[in-house]
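Okay, structure first, notes after.
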Amino acid sequence: SFITARRRKWQEAGRVHPLAVELTALLIGRTSRVFLWMVALWFAATLLFVPNRIDRVIHITIVFSFWFQVGLWGMAAVRYAIERRGRRAGIASADSLQSGSIDIIVFIAGLTIWTLAFLLALDNLGVQIKPLLTGLGIGGVAVALAVQSVLGDVLASMSIALDKPFGIGDSLSLDDIQGTVEHIGV
């Protein structure tokens, strides 16, 4: 909480710090107290003798809490990167016209981060995930082929949201069609 309060004061004062300092302060602020308790439990379990059953439960709990914390850090880093890009582009973070595309990007990033965290947790517990990854890969190709046109439109929308080649009110012409941009979204 000290780092979070300090970071908030930096932001209110308008002080700009290097990317590494800001990101480190953000990630420290996003560290869960449960994770810190699990680290303390791990240290205690290494020093104490506990029965095998309890040791296995402690190990599973620690592995899942670690990967859960990594997922929280990953989501915080993605949100920070999107906010930073928006600030550099001079766009307010509450821009309702871009929020749909940004929400999709955050959702896809979150789905990827949490899936990876879960699979890595299972791998650390000794579960064979290679067959699961193979099935996910084949299923992903099948889904991508089934929704190819929709997926192309969503990716084009995200490209427009991130690159911002044009904005609302701009005049565009494609071949013999001319018009003015009224809405940008998914």
Side-chain angles (χ1 to χ4, degrees), residues 19-20 22-24 26-46 50-86 89 93 95-165 183-186:
L19 173 65
E22 278 212 23
L23 190 57
T24 302
L26 173 73
L27 295 182
I28 289 173
R30 294 283 195 272
T31 302
S32 168
R33 292 182 193 271
V34 173
F35 173 70
L36 297 175
W37 279 104
M38 288 299 119
V39 170
L41 179 65
W42 178 75
F43 278 119
T46 60
V50 290
N52 287 340
R53 258 186 158 165
I54 295 174
D55 188 44
R56 182 71 180 154
V57 169
I58 290 172
H59 178 70
I60 290 170
T61 306
I62 289 170
V63 166
F64 274 111
S65 68
F66 172 78
W67 286 108
F68 179 76
Q69 182 62 54
V70 169
L72 289 176
W73 284 335
M75 288 301 297
V78 165
R79 286 192 180 100
Y80 175 76
I82 290 172
E83 288 173 7
R84 183 176 167 93
R85 182 165 174 90
S93 61
D95 187 3
S96 63
L97 298 174
Q98 297 291 331
S99 66
S101 299
I102 300 301
D103 289 344
I104 288 177
I105 293 169
V106 170
F107 174 76
I108 291 171
L111 188 65
T112 304
I113 288 169
W114 290 113
T115 301
L116 281 172
F118 181 71
L119 289 174
L120 288 169
L122 289 177
D123 187 45
N124 284 342
L125 292 173
V127 175
Q128 292 294 325
I129 63 167
K130 289 179 185 175
L132 180 61
L133 289 176
T134 303
L136 287 174
I138 293 170
V141 168
V143 169
L145 288 173
V147 295
Q148 187 174 9
S149 63
V150 173
L151 197 57
D153 292 344
V154 169
L155 291 174
S157 171
M158 288 190 298
S159 174
I160 291 170
L162 290 175
D163 292 339
K164 301 190 188 3
H183 176 74
I184 300 173
V186 180

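On a predicted model such as this, the values are computed, not experimentally measured, just so you know. For reference, positions follow the sequence shown, starting with 1.
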Which heavy atom in A45 sits nearest to a heavy atom in I58, and how many Å separate them?
CB-CG2, 4.2 Å
Does Q69 reach the main-chain N or O of R30 with its side chain, forming a donor-acceptor pair under 3.5 Å?
yes
Report the C-alpha distance between L119 and L136 in whole Å, list the side-chain angles of each, state the deciding distance to 0.1 Å, and finish with yes or no for side chain to side chain contact (heavy atoms under 4.5 Å, CB included).
CA-CA 11 Å; L119 289 174; L136 287 174; 4.2 Å; yes
Working for side chain to side chain contact (heavy atoms under 4.5 Å, CB included), residues Q128 and L122:
CA-CA 8 Å; Q128 292 294 325; L122 289 177; over 6 Å; no
With sequence neighbours excluded, give me every ring pair (Phe, Tyr, Trp, His ring centres under 6.0 Å) pair touching residues 110-152.
F68-W114
Could you tell me whether the side chain of N124 reaches within less than 4.5 Å of the side chain of W67, counting heavy atoms only?
yes
Could you grab the distance from atom CD1 of I54 to atom OG1 of T61, nearest 0.5 Å is fine?
11.5 Å
Could you state the interatomic distance from CG (D55) to OG1 (T46), rounded to the nearest 0.5 Å?
10.0 Å
Would you call V106 and M75 a side-chain contact if the rule is heavy atoms closer than 4.5 Å?
yes
Once rounded to the nearest 0.5 Å, what's the spacing between atom NZ of K130 and atom CG of D123?
8.5 Å
Side chain of S65, backbone of I62: donor and acceptor closer than 3.5 Å?
yes
Please evaluate residues T31 and W73 with respect to the criterion side-chain hydrogen bond (donor to acceptor under 3.5 Å, both in side chains), reporting the C-alpha separation (whole Å), side-chain torsions for both, the decisive distance (0.1 Å), and the verdict.
CA-CA 7 Å; T31 302; W73 284 335; 3.3 Å; yes
Interatomic distance, CG@L125 vs CZ@R56, rounded to 0.5 Å, equals 5.5 Å
Specify the closest pair of heavy atoms between V63 and A121, including all atoms of both residues, with the distance to one decimal.
CG1-O, 3.6 Å
Specify whether F35 and F66 have parallel, tilted or perpendicular ring planes, treating 30° as the upper limit for parallel and 60° as the lower limit for perpendicular.
tilted
Stepwise side chain to side chain contact (heavy atoms under 4.5 Å, CB included) test for L27 and Y80
CA-CA 10 Å; L27 295 182; Y80 175 76; over 6 Å; no
